[in-house]
Protein chains: 2
Amino acid sequence: MKDVNKDLNLSVIKAFRLLDVYLNDKQEWGVRELAKKAGYNKTTTYRLLSTLESLDIVQKNGDDKYILGLKLFELGNLVSIHKSLRNYSRIPLENIAKEIKETVHFGVLSNNRILYLNKAESPLGLKVSTQIGSYQEAYCTALGKVLLAYSSKNLISDYFKNVKLEAHTSNTITSAKDLLIELKQIREKEYALDMEELELGLICIAIPVFNKNKEVVASISVSGPSSRFKSENIASYLSIIKKGASEIETRMSDYN
Amino acid sequence: MKDVNKDLNLSVIKAFRLLDVYLNDKQEWGVRELAKKAGYNKTTTYRLLSTLESLDIVQKNGDDKYILGLKLFELGNLVSIHKSLRNYSRIPLENIAKEIKETVHFGVLSNNRILYLNKAESPLGLKVSTQIGSYQEAYCTALGKVLLAYSSKNLISDYFKNVKLEAHTSNTITSAKDLLIELKQIREKEYALDMEELELGLICIAIPVFNKNKEVVASISVSGPSSRFKSENIASYLSIIKKGASEIETRMSDYN
DNA sequence: AAAAACGTTTCATAATACGAAACACTGTTT
DNA sequence: AAACAGTGTTTCGTATTATGAAACGTTTTT
């Protein structure tokens with residue numbers, strides 16, 4: 001903790017590291033337990049937690065255990081760009097899910113990964129389910145490939161510098177050359193497929209969502225098990241998703 | 001900033017104050033602008049923002065303006081206590097809204113106020129709409145009065161010490177004595193009404209949601225314009241909301 | 001009854017945050 | 001064209017703050 005490239009507030013970084021890394025793994029933590037896991041001193045951890053508690057960022061859960069607090073929930077809902085995207089996407093996503101009967105996801109690109117902003121789940125028992133606010137690799141998801149396909153050349157070259165294309169299944173695209181070809185095809189077809197590239201048995205189809213300046217700001221995907229996802233359905237799925245996407249685009253432009 | 005009652009990390013407090021108070025008011029801030037508003041030194045503010053930026057808690061929006069970042073959204077979604085409440089309430093709330101055709105809210109008590117955890121909006125044009133994650137006073141809302149009614153005596157006496165009962169309309173209950181009588185009646189009737197106490201023309205009805213230990217953990221309300229909200233509807237509304245509440249209670253107990 | 005765990009407090013010391021001033025840059029006014 | 005008025009950013013000596021070993025008060029386990 002000596003060589004920081006910039007002059008930053010170390011205790012702020014420590015505080016968020018507690019929140020981000022460690023309070024994620026588990027529901028509740030004791031002071032010593034968390035200190036050990038974080039590699040901080042017991043007293044330091046206690047002081048940080050006390051500080052965060054005074055701000056309602058964490059709170060105590062009965063017997064001296066710390067859990068994430070309500071203020072954090074409140075702050076999360078303030079994130080304006082995504083707040084609006086989430087609001088405007090909700091009803092269209094639900095309509096798509098109702099019509100197709102598969103889970104619908106809505107996400108943006110953030111730090112080279114997909115951030116799931118919203119979803120509408122399939123009414124069926126066997127379905128895909130993802131945590132809102134969680135991340136997934138972009139190169140092996142339909143959502144991610146669409147967003148990469150419409151990104152600037154700079155962003156894409158950065159992407160290849162920073163991201164290692166690891167195989168999740170035998171279908172995962174693991175070479176930069178192949179991925180570039182795929183992205184080109186996506187731009188031409190105006191939709192992306194994920195043919196069991198992230199998980200065996202899981203197929204997705206995704207299209208871009210544009211803002212009023214014709215820039216891609218998000219994407220929508222439909223995900224389902226390969227047993228239900230037949231190639232003859234693609235055309236009808238696409239027309240339903242595109243209807244939903246244009247609904248979101250209309251809602252956004254009405255407010256901006 | 002000299003007399004702190006405990007030994008807390010001041011820079012952590014400052015960082016969250018930037019997020020909480022100031023990044024809420026506006027969409028984007030310059031460094032000097034935010035420093036002036038927060039009463040911090042320009043350099044301090046810059047350092048705090050740089051720190052938060054390195055953590056993706058804030059991000060830059062084009063021309064050197066800071067906005068809330070994605071990590072905050074992600075962290076907000078990790079808040080476990082309410083994550084489950086939110087998940088379990090979604091479908092029941094939507095069913096209630098569909099049946100009654102009025103907006104349904106779901107909230108908990110936090111720091112003497114109502115925190116809106118979830119909602120399902122009325123399908124009609126004229127409707128009540130609230131921001132998830134936002135707060136409202138408890139004493140002049142049906143949601144809040146239900147939660148106060150089922151709170152411990154200690155919490156209620158604390159409530160009266162810390163909260164000033166201000167009139168929002170001519171119907172607002174502004175005396176502690178009257179509010180205590182109201183809370184007693186709510187416990188007897190097992191539901192609360194808000195008869196234009198927060199806003200003229202706005203009526204709400206709310207009931208409690210219990211956990212498996214028969215403690216009240218949240219409440220559900222239906223809100224609508226006085227033009228549609230007739231006293232003869234109360235009985236049928238109540239039976240629909242109670243059905244939804246017991247659905248939520250079942251879902252919660254299945255998982256805990 | 002002893003031991004081992006917990007959260008919490010203390011306090012001298014080492015490390016960090018602080019902020020005035022200077023810098024680099026952009027756009028506006030004279 | 002030159003001076004000015006705005007930005008965000010960097011520097012660096014100093015004042016403030018965070019640090020952590022040790023001790024404390026409880027509770028739980030042995």
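Side chains included, hydrogens not; waters and symmetry mates left out as well; all remaining heavy atoms used. Chain letters run A, B, ... following the sequence lines, proteins first, then strands; residues in each count from 1. Owing to the predicted nature of the structure, the values given are computational and were not obtained by experimental measurement.
The cationic group of B:R113 lies under 6.0 Å from the six-membered ring centre of B:Y135 and within 45° of the ring axis, placing it in a cation-pi geometry.
Counting heavy atoms from C-beta on, the side chains of B:L48 and B:Y40 come closer than 4.5 Å.
One atom, OH of A:Y66, and another, C1' of C:dG7, lie 8 Å apart when rounded to the nearest Å. With rounding to whole Å, A:Y46 atom OH is found 15 Å from D:dG25 atom P. Protein atom CD1 of A:I13 is 15 Å distant from nucleotide atom C1' of C:dA15, rounded to whole Å. Atoms CH2 (B:W29) and C1' (D:dT7) sit 16 Å apart, rounded to a whole Å. Atoms CG (B:L8) and P (D:dT17) sit 12 Å apart, rounded to a whole Å. The CG-P distance, from A:L49 to C:dT9, rounds to 13 Å in whole Å.
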What does nucleotides 19-28 of chain C look like as a protein-contact string, B for base, S for sugar-phosphate only, - for none, at under 4.0 angstrom between heavy atoms? BBBB------
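Heavy-atom nearest nucleotides on DNA chain C were determined for A:V31 and for B:L48, and the one closer to the 5' end corresponds to A:V31.
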Please assess A:F73 against B:Y116 for the test ring-ring contact (aromatic ring centres under 6.0 Å, His included), listing each intermediate value before the final yes or no. CA-CA 10 Å; A:F73 172 76; B:Y116 293 104; over 10 Å; no
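Between B:Y139 and B:F160, the distance from one ring center to the other does not fall under 6.0 angstrom.
Inspection of the B:S152 and B:N154 side chains reveals no N or O donor paired with an N or O acceptor under 3.5 Å.
At the phosphate of D:dT19, OP1 or OP2 sits under 4.0 Å from a side-chain N or O atom of B:N9.
Checking each of A:E121, A:K119, A:H105 against A:T130 for a side chain to side chain donor-acceptor pair (under 3.5 Å) leaves exactly one that passes, namely A:H105.
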